[in-house]
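Scroll down for the structure; my scribbles are underneath it.
Because the structure is predicted, anything quoted here is derived from the model rather than measured.
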Amino acid sequence: MTESMAGNGADRLVAQEGHVFVFFSTLLNKPVFDAAGVFVGRLSDLAVSLAAVFPPVVDFVVQRGRWEQFPLTGRWSDVADFEGPVIRLGVDIRGLTPSKPYTSGEILVREVLLDKQIVDMSGAKVVRVNDLHFLKLGRSDLRLVHVDVGTRGLVRRMGWEQAIDGLLRRIAPRARYLSAERLIRWQYVQPLSLDAKAQTIRLSVLQRQLGELHPADIAEILTDLDTHDRARVFRSLDPETAADALAEVDDPRIQTQLLETVSQDDAADILEEMPPDEAADLLSELPHETSTALLHKMEVEEAQDVRELLTYPPDTAGGMMTTELVALPADLTVGEAFAQLREVAPDVENIYYVFVVDAGGRLVGVLTLRSLILAQPEVRLRDITIENPARVHHTDSHDTVAEIVEKYDLLALPVVDDNETLIGMITVDDVLSHIANQAWKRKLGR
């Protein structure tokens, strides 16, 4: 979890056992001297082993000078002291290796982590690593325990911490900045590329862990990532999770970009998992050739529902509606209605109301689930139906839809054709989603 220094269990460990914390920024660029007192260079990186829950530092890297082509690498166990103004080694400079360590299961923390984006699985968001936090256990055991994603971490690395802290203590001594460190425990940072040679971080969040997040959280993570990592994470999702997350992404531009990062077969699978109205909205943003190809790859029944919705202009009630709804004949009993509900419910995303229709499919009335639950099993639906409910014609505008939903405080609004046949419904979240999409299009000048 994201936490401040004042409240984490590791601080209590310091008080009890005398262990100390070390920020990477305080070690970076420190002068390094060998056992004979010969100046070696300045510390430029640390290698940690990912085999442990809290990765131990196993190697250090020293940059000899601006014009030296090769850095030097040594074992961290050969460091005699690093708590003073310089780092002193217990070995001669000749015991160091003229190269960087690239060992399987190890990463260079500056190269792979610092200034990179990571997924904080605890907070379900993307954050930037500004510093790293190590715990010193014994003489030479140094463990990576937190990543620092706060402003203080960045200020500390810039060397401005004392000046800014001093200024704030004079003008705003109670400023939260002075007491709050934004540290994320290492085990909540999941997971990072093991490729130390990568120039940028390669996020590969575990599918199982992403699947446990709410689709809105996954959508936020996808939106916050850069284009490359966004595509990488999206491709790691199963079709159902990808469909749920895609429906929660507010920016139509990002939605289409994500769908275009997967193969057409995978894109068709994702579209099949989406509600028909969401799939139709997304396909309408794609080039005609692409949307036509994807429809051909979808299952016939799902594709037909989407094709039908695509025939309605996007700025009308027909263009906003979904065909996923529950419509039952007026002559059913309540007991029979519940039996049918159990059959159709798995295929309907939202069941706000039960719409009651006649033999020709024309809208007769509407039932709330509450009234259905309270009715006796033998009662006919026509006897408990709210007749002449609010409705819209499929050609009505978005403004008309929004006005009726707001006026009657509805969760869902039925849509009918010229013959009063029930052809779909518009949910309140559809209204909000379309308003947001229009705002994005105006913002993007589309």
Please report the closest heavy-atom contact between [X] and [Y], naming both atoms and the distance.
X      : Y      : value
Asn29  : Arg42  : O-NH1, 2.8 Å
Pro71  : Val61  : CB-CG1, 3.7 Å
Phe355 : Met425 : CE1-SD, 3.8 Å
Trp76  : Leu142 : CZ2-CD2, 3.6 Å
Ile270 : Ala243 : O-CB, 3.5 Å
Arg110 : Ser44  : CD-O, 3.0 Å

Quick check against the 3.5 Å criterion: does [X] have a side-chain atom that pairs as donor or acceptor with the backbone of [Y]?
X      : Y      : value
Asn419 : Thr421 : no
His146 : Leu135 : no
Thr97  : Ser99  : no
Asp396 : His393 : yes
Thr256 : Leu286 : no
Asp251 : Arg253 : yes
Thr292 : His288 : yes
Ser371 : Leu367 : no
Arg391 : Pro389 : yes

Got more than 12 heavy atoms from elsewhere within 6.0 Å of CD, Gln264?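 Yes, enclosed.
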
Please tell me if the side chains of [X] and [Y] come closer than 4.5 Å, counting only heavy atoms from C-beta onward.
X      : Y      : answer
Val129 : Lys116 : no
Leu72  : Phe60  : no
Phe23  : Leu132 : no
Leu50  : Trp186 : yes
Leu144 : Leu46  : no
Glu248 : Ile218 : no
Leu410 : Tyr353 : yes
Leu222 : Ile254 : no

Spacing of [atom1] belonging to [X] relative to [atom2] belonging to [Y], to within rounding of 0.5 Å:
X      : Y      : atom1 : atom2 : result
Thr323 : Leu309 : OG1   : CG    : 5.0 Å
Met320 : His398 : CE    : NE2   : 5.0 Å
Arg362 : Glu420 : CZ    : CD    : 9.5 Å
Phe24  : Asn130 : CZ    : CG    : 13.5 Å
Asp148 : Leu113 : CG    : CG    : 12.5 Å

Among Val306, Leu246, Leu259, exactly one meets side-chain contact (heavy atoms from CB on, under 4.5 Å) together with Leu271. Which residue is that?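 Going through the options one by one, the only one that passes is Leu259.
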
With under 30° as parallel and over 60° as perpendicular, where do the rings of His133 and Phe21 fit, or are they tilted in between?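 Correct class here is parallel.
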
According to the side chain to side chain donor-acceptor pair (under 3.5 Å) rule, which pairs have a member within residues 298-316, sequence neighbours left out?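 Checked against side chain to side chain donor-acceptor pair (under 3.5 Å) - neighbours excluded - no pair reaches residues 298-316.
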
For the residue pair Asp399 and Ser397, confirm or rule out a side-chain donor-acceptor distance under 3.5 Å.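 On atom types as modelled, these side chains do not qualify, holding no pair under 3.5 Å.
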
Check the side chains of His214 and Asp244 for a donor-acceptor pair under 3.5 angstrom, ignoring hydrogens and angles.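 Checked: Asp244/His214 side chains show no N/O donor-acceptor pair below 3.5 Å.
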
Residue pair Leu411, Thr427: steps toward the side-chain contact (heavy atoms from CB on, under 4.5 Å) verdict: CA-CA 6 Å; Leu411 295 175; Thr427 61; over 6 Å; no

According to salt bridge (charged side-chain N to carboxylate O under 4.0 Å, His left out), does anything in residues 49-61 pair up with another residue at least two apart or in another chain? List the pairs.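 Those involving residues 49-61 are Asp59-Arg75.
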
